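Comments concern the structure below.
Everything numeric here is computed off the predicted structure, so don't read it as measured data.
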Amino acid sequence: MRSRTPAQLPRGRPRSFDVEAAVERAMGVFWSRGYHATALPDLLRATKLSRGSLYAAFGDKHSLFLRALDRYIADALTRMDIEFDPHNEPVEGLRAYLAGYVDRTSGANGRRGCLLVATAMELAGQDAEVGRRVASFLKAMEARVADALSRAETAGRLADGVDPSSAARILVCFVEGLRVVGKTAPTRITSQATVEALLDRFIK
């Protein structure tokens, strides 16, 4: 006669909170304060979690920060995939991409800055995991821009002598620099004029 295997009992209590919502709220804290200036009580208030729940779900402050940074990067890449949809005209995709940066570098949005740029300045040189994420994101952004420029070249819209890969590197450096300048809250007109002047160098 075979012995019956006892039913597997569930381990611990199921989570009663939205993990992704907690990550998003934590991301807001890191974005506003920076990694080192963010203390555990700040994260507990923002996520509305107990210390035990936060550690059980995310491990520690650094692990939660990486989750938040991954979320920020994923949102940015999703936005770019929409802007650079290959079914759309590539020059219009480039204009939409740059218009987004004008929005994010004007007024209050500009003063808030960019989580990725702030993280690169604060941690990328000393935190290998953060450095890899920042480098990977910039490479992914550059690849998307280069692809749009290559499609513009095929469509006869790229200016003579412009290399898509080199132009993509220039544009990525430009938009990330624009995020830094945005901390000084330039007017939308100024940012838009700068964007148009640069794009006109590459597009005909």
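Note that CG of D18 and NZ of K48 are 12.5 Å apart. Values are rounded to the nearest 0.5 Å. Distance CZ/R133 to CG/L66: 4.5 Å, rounded to 0.5 Å. If you take CG on L123 and NE2 on H36, they are separated by 5.0 Å, rounding to the nearest 0.5 Å. Atoms OH and OG, from Y55 and S50 in turn, are 11.0 Å apart once rounded to the nearest 0.5 Å. If you take CG on L69 and CH2 on W31, they are separated by 11.5 Å, rounding to the nearest 0.5 Å. One finds the OG atom of S136 at 7.0 Å from the CD1 atom of I73 (value rounded to the nearest 0.5 Å).
By the 6.0 Å contact criterion, NZ on K204 is enclosed, its count of non-hydrogen atoms from other residues, nucleotides or ligands being greater than 12.
The ring-ring contact (aromatic ring centres under 6.0 Å, His included) pairs that include a residue from residues 95-120 are F84-Y97, Y97-Y101, where partners are two or more places apart or lie in different chains.
In terms of modelled atom types and a separation under 3.5 Å, the side chain of S32 and the main chain of G28 share a donor-acceptor contact. Listed for the S191 side chain is no donor-acceptor partner under 3.5 Å among the backbone atoms of R188. A donor-acceptor pair is defined here as one N or O able to donate and one able to accept, closer than 3.5 Å; such a pair exists between the side chain of K61 and the backbone of Y35. Side chain of E176 to backbone of V117: no donor-acceptor contact under 3.5 angstrom is found. Looking only at distances, no side-chain donor or acceptor of D75 sits under 3.5 Å from a matching main-chain atom of Y72. Put simply, the side chain of S63 never gets that close to the backbone of G59: no donor and acceptor are under 3.5 Å apart. Judged by distance alone, with hydrogens and angles left aside, the side-chain atoms of N88 form no donor-acceptor pair with the main-chain N or O of G93 at under 3.5 Å. Using a distance-only test at 3.5 Å, with no hydrogens or angles considered, no donor-acceptor pair links the side chain of K183 to the main chain of T105. Between the side chain of S166 and the backbone N or O of V162 there is no donor-acceptor pair closer than 3.5 Å. No donor-acceptor distance shorter than 3.5 angstrom exists from the side chain of R112 to the backbone of A108, with no hydrogens or angles considered.
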Please test L43 against F30 for side chain to side chain contact (heavy atoms under 4.5 Å, CB included), starting from the C-alpha separation and ending with a verdict. CA-CA 9 Å; L43 296 170; F30 287 124; 3.8 Å; yes
Going through the checks in order, is the side chain to side chain contact (heavy atoms under 4.5 Å, CB included) test met by M80 and V145? CA-CA 9 Å; M80 289 184 67; V145 176; 4.3 Å; yes
Salt bridge (charged side-chain N to carboxylate O under 4.0 Å, His left out) between R95 and E83, worked out: CA-CA 9 Å; R95 293 192 185 283; E83 293 163 345; over 6 Å; no
Working note: E20 + R25, criterion salt bridge (charged side-chain N to carboxylate O under 4.0 Å, His left out); need CA distance, chi angles, decisive distance, verdict. CA-CA 9 Å; E20 289 306 312; R25 288 192 290 267; over 6 Å; no
List the steps and the verdict of side chain to side chain contact (heavy atoms under 4.5 Å, CB included) for V181 and T194. CA-CA 12 Å; V181 175; T194 306; over 6 Å; no
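Looking at heavy atoms from C-beta onward, R151 lies out of side-chain contact with E89 at the 4.5 angstrom threshold. Side-chain contact between L49 and F58: present, with at least one pair of heavy atoms (C-beta onward) separated by less than 4.5 Å. Here the side chains of H62 and D127 are in contact, with some heavy-atom distance below 4.5 Å. Residues F65 and T38 form no side-chain contact, since every pair of their non-hydrogen atoms from C-beta on lies 4.5 Å or further apart. Side-chain contact check for Q192 versus T187: every heavy-atom pair is 4.5 Å or farther apart.
With hydrophobic clusters built from ILVMFWY side chains whose heavy atoms lie under 4.5 angstrom apart, V180 does not share a cluster with L98. Using a 4.5 Å cut-off between side-chain heavy atoms of Ile, Leu, Val, Met, Phe, Trp and Tyr, with links allowed through other members, F137 and I82 fall into different hydrophobic clusters. Cluster annotation: L171 and L138 are assigned to the same hydrophobic cluster (Ile/Leu/Val/Met/Phe/Trp/Tyr, side-chain heavy-atom contacts under 4.5 Å, transitive). A continuous path of ILVMFWY side-chain contacts below 4.5 Å connects L77 to L115, so both sit in one hydrophobic cluster. One hydrophobic cluster, built from ILVMFWY side chains closer than 4.5 Å, holds both V29 and V19.
When all heavy atoms of Q126 and E122 are compared, the closest pair comes out as NE2-O, 3.0 Å. The two residues A146 and P164 make their nearest non-hydrogen contact at O-CB, 3.9 Å.
For D85 and H87, the side-chain atoms include at least one donor-acceptor pair closer than 3.5 Å.
The side chain to side chain contact (heavy atoms under 4.5 Å, CB included) test with L149 is passed by exactly one of T154, L158, V91: L158.
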